[in-house]
Amino acid sequence: MSENPFEVFIEDMENEEVYLRVNAMHRVRIICTLIGVENIRSQLIPYFDSLLDKEEDEVLFAMAEELGNIAELMPDQSKLLLNLLEKLVSFDETVVREQAVNSITVVCEYLSDPEIVNIIVPMWLRLAQNEDNFICKISAVSLMSSIYGRAGCQKENMRQEFAELCKEETLMVRRAVASKIGEIAQEMEKTYVIAQLLQVVKELCYNEQDTIRQLCSMSLMNIARVLNSQEIKANILPLIILQAEDKSWKVRMSLAQILADVAQILGQEIADFQLIPIFTNLLKDCQSDVRVEAVKSLLRFIKLISRERVYLIIGNIQQLTEDPIAQVKQNICEVIGQVANLLPKQQSQNQLRKCLFQLMSDENWEVRRNAIKAMGVFAIAIEFEELNKLIPHLKRCMNDPKWRVRKETIQTIIQLALQLKQLDIFIEHLEEVFVLFLRDRAAEVRSIGLSSLCELISVYKQEWALGNLLKKCIEILEKDGGSLFRINALYAIQQICFAIEGPQIETNLWPIVQKYLKDPIPNIRFVSLKVAKSFLKKIGNQNISIQIRQSIYGMFEDPDRDVKFYAQEALQY
């Protein structure tokens, strides 16, 4: 094998397997650092040129990507790569063409303004004027926004040529214009945006091809960024209304996806009086995909309108809780939580609580899970008023057959408990549901409950930990027949240990754990050992400490080898 890096690269590129040639192409940066700029110009670039007519698209895509990376290695000579890239942007394969466009943009970053004017713009004009290959015109459209701002005296030529591109009858060129015209508007002088581009956008919004009208949605939003309020009302708002009533559901869906962003650009006044009716219609759309996207946007939209207008959305929310599509209901849950923070408490209780209860009983478990999460936000928003009405629903959810629903329920209960910070209300309403985690069948649910205990004890103090919580653990240890829940109760006692002082451990916890060091089930003895070891780190009473060590030492001869091993390890810390 040759020791010359470039020759090694050529050998790798002659492999029959496409994926190996792709991998070799992605290593070309290393080759470039070894052979230097002169050899890149004299050897590598001509070799790349020879590959264009015979290589697979995957390899050409990798080449287009690596040419941008090579430009970073040789910024002063990056213009040497433009001839190759100009050929690559004329390829039919979309990913190759688009990657070549991206790499040309990278090269432009290293060129001076005169080089942009004298090298890049002429290249752009060749692409835009190519009558033999419409693909070149697509690439010219894609490149315009990154070049125009630095085109200097060539701007007029570019504007004229772009105007010709906008008149193209070829569908793919018109699609490119529809998708990129918003980006171009942000780079072009406002005078020309109003005089030229707005008319083009209006024509595209009326185009018979729904894919073109669909692509106009994002462009409308970008054009609105460069206009003032009056110009938006006169030119953009009518087109948004037009798209909201479009016969193609894909166009309406595209509008629904960006409508919240559009509202942010247009401002609260337009959102309040012009966009709410549009949103209302999209939320009632006969096509489920439109409703799904509209609900997703609604979460951001309601933050942009005045609180006095939020009530207009409530009727739609109530209707959407009965939507036949699960994804719509999943997303509306989060909206309900958000709306609860915007409406007066009484209005939230009356109009949203029933929606949440209904969603918490939905046949789809993901809807139930999202509804439980929203219930936590809702309860905090109404400042825990009528908490007793929520608890039966949370309790039912803690017995849900899906462990992910139970996981969300325990997380919601923990969130409410930490926000509540009132022991009597916590014990009266939440504690009964919270302690259900001790007997949950899913390890994930038990783990979340255990991990929250230290924080909860810091809020509700030792009074609760050594009272109701410890009593529940003892009840499970004494009455539960299965080892799984008894082990969980022991781990809960360990968490109590971490949150209280040594004397309470000596008096209240050690006698319990000492008993289960002699349990007939090895796993119980094993976990009891771990808990006892935790006690040793916090107990200051020397007599109790010796007693714990002696109990552990007595297990060195345990019939179970795992228990025996851990007993020996427990006294080595």
Side-chain angles (χ1 to χ4, degrees), residues 94-95 98 138 141-142 144-145 166 168 170-186 193 197-227 232-233 235-267 270-271 274-305 313 316 320 323 325 327-328 330-332 334-335:
T94 303
V95 293
E98 290 179 348
I138 295 174
V141 173
S142 299
M144 184 165 179
S145 60
C166 292
E168 274 287 329
T170 307
L171 177 60
M172 290 183 66
V173 177
R174 295 185 72 80
R175 284 181 184 174
V177 171
S179 64
K180 296 295 182 180
I181 196 167
E183 295 176 16
I184 295 167
Q186 292 183 298
V193 172
L197 298 193
L198 280 176
Q199 183 57 39
V200 174
V201 171
K202 290 176 183 177
E203 292 174 2
L204 291 170
C205 285
Y206 281 95
N207 194 279
E208 61 182 11
Q209 290 288 330
D210 59 353
T211 53
I212 291 176
R213 301 197 304 277
Q214 184 181 355
L215 290 168
C216 283
S217 297
M218 186 64 70
S219 291
L220 285 174
M221 182 179 71
N222 287 327
I223 292 174
R225 296 182 192 277
V226 302
L227 304 178
I232 289 172
K233 285 182 180 179
N235 299 287
I236 302 300
L237 193 56
L239 298 179
I240 290 173
I241 295 171
L242 178 70
Q243 289 209 320
E245 299 170 350
D246 198 281
K247 62 183 179 181
S248 169
W249 67 267
K250 292 182 180 179
V251 176
R252 302 195 302 274
M253 182 182 71
S254 296
L255 179 64
Q257 289 171 336
I258 59 125
L259 200 50
D261 297 314
V262 170
Q264 189 170 11
I265 296 167
L266 270 54
I270 295 178
Q274 303 290 336
L275 297 187
I276 287 180
I278 294 174
F279 236 118
T280 299
N281 289 335
L282 292 173
L283 291 170
K284 297 177 180 177
D285 200 277
C286 60
Q287 179 64 37
S288 62
D289 290 342
V290 178
R291 298 198 303 277
V292 168
E293 295 301 330
V295 172
K296 289 179 182 178
S297 289
L298 182 60
L299 184 64
R300 289 176 291 138
F301 180 74
I302 57 177
K303 299 175 185 178
L304 302 172
I305 60 178
I313 307 290
N316 298 105
L320 290 167
D323 197 280
I325 304 300
Q327 197 174 355
V328 172
Q330 289 171 35
N331 292 318
I332 204 64
E334 195 172 355
V335 174

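Being a predicted model, the structure only gives us computed values, none of them experimental. Only heavy atoms go into these numbers, but all of them, side chains included; no hydrogens, no water, no symmetry mates.
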Side chain to side chain contact (heavy atoms under 4.5 Å, CB included) between Arg213 and Lys247, worked out: CA-CA 11 Å; Arg213 301 197 304 277; Lys247 62 183 179 181; 4.0 Å; yes
Verdict with supporting geometry, Ile278 and Leu275, side chain to side chain contact (heavy atoms under 4.5 Å, CB included): CA-CA 5 Å; Ile278 294 174; Leu275 297 187; 3.9 Å; yes
Side chain to side chain contact (heavy atoms under 4.5 Å, CB included) evaluation trace for Leu282 with Ser297: CA-CA 11 Å; Leu282 292 173; Ser297 289; over 6 Å; no
Val193 and Ile184: CA distance, side-chain angles, deciding distance, side chain to side chain contact (heavy atoms under 4.5 Å, CB included) verdict: CA-CA 9 Å; Val193 172; Ile184 295 167; over 6 Å; no
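Minimum heavy-atom separation, Leu304 to Ala260: CD1-O, 3.3 Å. Contact record, Leu227 with Leu198: CD1-CD2, 4.4 Å, taken as the closest heavy-atom pair. Nearest heavy-atom pair, Val226 versus Ala185, reported as atom, atom and distance to 0.1 Å: CG1-O, 3.9 Å. The two residues Ser288 and Val328 make their nearest non-hydrogen contact at O-CG2, 4.4 Å. When all heavy atoms of Ile313 and Ile305 are compared, the closest pair comes out as CG1-CD1, 4.4 Å. Nearest heavy-atom pair, Phe279 versus Ala294, reported as atom, atom and distance to 0.1 Å: CE2-O, 3.2 Å.
Remark: Leu242 CG to Leu237 CG distance equals 11.5 Å, nearest 0.5 Å. Taking CD1 from Ile240 and SG from Cys216, the interatomic distance works out to 12.0 Å, rounded to the nearest 0.5 Å. The CG atom of Asn235 lies 4.5 Å from the NZ atom of Lys202; values are rounded to the nearest 0.5 Å. Here the straight-line distance linking atom CD1 of Ile232 with atom CZ of Arg225 works out to 10.5 Å at 0.5 Å rounding. To the nearest 0.5 angstrom, Met221 atom CE is 11.5 Å from Ile236 atom CD1. A distance of 8.5 Å separates CD in Glu183 from OG in Ser142, rounded to the nearest 0.5 Å.
For the pairing with Arg252, the side chain to side chain donor-acceptor pair (under 3.5 Å) check across Asp246, Asn281, Asp285 returns one residue only, Asp285.
No donor-acceptor distance shorter than 3.5 angstrom exists from the side chain of Gln243 to the backbone of Val251, with no hydrogens or angles considered. Counting only distance, with no hydrogens or angles, the side chain of Asn331 and the backbone of Gln327 share a donor-acceptor pair below 3.5 Å.
The shortest distance between side-chain heavy atoms of Leu220 and Cys205 falls below 4.5 Å. Between Val335 and Ile332, some side-chain heavy-atom pair lies under the 4.5 Å cut-off.
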Which atom pairs, one a donor and one an acceptor, fall under 3.5 Å between side chains of residues 170-182 and the rest of the protein, sequence neighbours left out?
unit_1 : atom_1 : unit_2 : atom_2 : d
Thr170 : OG1    : Glu168 : OE1    : 3.4
Arg174 : NH1    : Cys166 : O      : 3.0
Arg174 : NH1    : Glu168 : O      : 2.9
Arg175 : NE     : Thr211 : OG1    : 3.3
Ser179 : OG     : Arg175 : O      : 3.3
Ser179 : OG     : Ala176 : O      : 3.0

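Within the structure, the ring-ring contact (aromatic ring centres under 6.0 Å, His included) test picks out no pair touching residues 246-265 (sequence neighbours left out).
With a 6.0 Å radius and a threshold of 12 heavy atoms from other residues, nucleotides or ligands, Glu334 has its CD atom at or below the threshold. The neighbour count for Met253 CE, taken as heavy atoms of other residues, nucleotides or ligands under 6.0 Å away, is above 12.
Using a cut-off of 4.0 Å between Lys/Arg side-chain N and Asp/Glu carboxylate O, Asp261 and Arg300 are scored as salt-bridged.
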